[in-house]
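First the structure, in the form of structure tokens, and then the observations on it.
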Amino acid sequence: MPELPEVETIRRQLESELVGVGFERSWSHPSAKFIAARDVDGAVVEAVDRRGKYLLIGLADDRELVVHLGMTGQLRFENDRGSGSGDSEVLVEDPYVRAWWQCDDGRRLLFRDVRRFGRLAVVDAGEYGGIATLAAMGPEPFDSNLDGRAFHARLRKSRQQLKTQLLSQRPIAGVGNIYADEALFLAGINPVVRTLSLERSERLLSALREVLTGAIERGGTTLRDYRNLSGEGQNQHHLVCYGRAGQECLQCGQELRGRVIDARSTTWCPHCQAR
DNA sequence: CGGGGTTCCTGGCCGC
DNA sequence: TGCGGCCAGGAACCCC
């Protein structure tokens, strides 16, 4: 499940590979989710940016190719990985490749997405009105204008449970199920609370930044399908809460609790994260 | 426009 | 070995 650290890892790798490259021709799976891949033939990549979990591939014609990886989306250059025969047709016969772009340097960029929760769009630069989540997205976690006070104010706009708010992308951008659980644990805050004091908002913002920074440094968390351009991330070896329900808390030894909140498995420590 | 419910998808795993 | 059932879950979409 690619969240901000996973998408940022891919962005950095893609930026150094793709800026200045032109797309000659393209192909996509017929689903409406991927059809926009075909709209960038002849375009030249000018920048590779990120907003939350969305990858924004800036084109020289003032448009952007917007890529959301969903649950299982992967970007890679053909033949960069795999137990390769070297035959350039082999990987495209991978039934889970949903789109590809033939680059003018001879490489082919592949978008692979087993579960098809990903999505592609082409928009005029900065025009995100047609992508509701992106249009309503909160500030980037490392935005220097975002402080505890601003974060606190954004959280106060809703009375939903805190976990749900974080997943909505509205108070802050790029946080998904893994890093929400990790940051709430680190901050000692229960996922179902509906209001936070200023002090606890500050603590949660710090925890989010710490958790996201560590994950970026380790190239993301590879649990199932996530791969960056060069392989697996390493942050899965540093998770302290997510996915550990029933195991003992690494801080106090009590058994971590698990429950579904907002259709997501949620793990927390009943002692360290008491209500 | 926020909130709640539904839907999209398929590999992997479990139990019989 | 085969198979039904269940799980993983981000966000678009629809309705109120």
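Proteins come first, then strands; the chains are lettered A, B, ... in the order of their sequence lines, and each starts at number 1.
Rounded to whole angstrom, the span from the CG atom of A:Leu162 across to the P atom of B:dG3 amounts to 13 Å. Spacing between atom CE of A:Met137 and atom P of C:dG10 amounts to 13 Å, rounded to whole angstrom units. Rounded to a whole Å, the CD atom of A:Gln161 is 12 Å from the P atom of B:dG3. The CE atom of A:Met1 sits 15 Å away from the P atom of B:dG12 (whole-angstrom rounding). Rounded to whole Å, the distance from CZ on A:Phe111 to C1' on B:dC9 is 13 Å. In this structure, A:Arg154 atom CZ and B:dG2 atom C1' are separated by 14 Å, rounded to whole Å. Across the protein-nucleic acid pair, A:Arg115 atom CZ and C:dA11 atom C1' stand 13 Å apart, rounded to whole Å. Here the P atom of nucleotide C:dG10 and the CD1 atom of A:Ile261 are 13 Å apart, to the nearest Å.
If you take CZ on A:Arg50 and CG on A:Leu14, they are separated by 13.5 Å, rounding to the nearest 0.5 Å. Separation of atoms NE2 (A:His237) and OG1 (A:Thr221) is listed at 9.5 Å; rounding is to 0.5 Å. Here the NE2 atom belonging to A:His29 is positioned 5.0 Å from the CZ atom belonging to A:Arg98, to the nearest 0.5 angstrom.
In this structure, the nucleotide among C:dA12, C:dA8, C:dG10 sitting nearest to the side chain of A:Lys53 is C:dG10. In the set B:dT10, C:dA11, C:dG10, C:dG10 carries the atom at the smallest distance from any side-chain atom of A:Phe117. Minimum atom distance to the side chain of A:Leu167 is reached by C:dG10, of the listed B:dC9, C:dG10, C:dA8. Ranking B:dG3, C:dG10, C:dC13 by closeness to the A:Asn177 side chain, first place goes to C:dG10. Here the side chain of A:Met71 is nearest to one of C:dA12, C:dG9, B:dT10, namely C:dG9. With B:dG4, C:dA12, C:dG10 as the choices, the nucleotide that has an atom nearest any side-chain atom of A:Gln160 turns out to be B:dG4. In this structure, of B:dT10, B:dG3, C:dA12, it is C:dA12 that holds the atom nearest to the side chain of A:Arg119.
A salt bridge does not link A:Arg149 to A:Asp147: none of the charged nitrogens lies less than 4.0 Å from a carboxylate oxygen. The pair A:Arg51-A:Glu140 meets the salt-bridge criterion, since a charged nitrogen lies less than 4.0 angstrom from a carboxylate oxygen. A salt bridge links A:Arg11 with A:Glu8: the closest approach of a Lys/Arg side-chain nitrogen to an acidic carboxylate oxygen falls below 4.0 angstrom.
Under 3.5 Å, the side chains of A:Thr267 and A:Arg244 contain no donor-acceptor pair of N or O atoms.
The side chain of A:His68 contributes no N or O atom lying less than 4.0 Å from OP1 or OP2 of C:dG10. Contact check, A:Ser265 against C:dC7: no side-chain N or O comes under 4.0 Å of OP1 or OP2. A close approach under 4.0 Å does occur between a side-chain nitrogen or oxygen of A:Tyr54 and OP1 or OP2 of C:dA12.
Within the nucleic acid shown, A:Tyr242 comes within 4.0 Å of sugar-phosphate atoms alone, with no base atom in reach, counting heavy atoms only. Counting any heavy atom pair closer than 4.0 Å across all strands shown, A:Ser168 reaches no nucleic acid atom. Residue A:Thr72 is classed as having no contact, given no heavy-atom separation below 4.0 Å to the nucleic acid.
Between the side chain of A:Arg264 and the base of C:dA8 there is no donor-acceptor pair of N/O atoms closer than 3.5 Å.
Contact check of residues 27-40 of chain A against DNA chain C (heavy atom, cut-off under 4.0 Å) returns no residues at all.
Side-chain atoms of A:Arg194 come within 3.5 Å of backbone N or O of A:Arg159 as a donor-acceptor pair.
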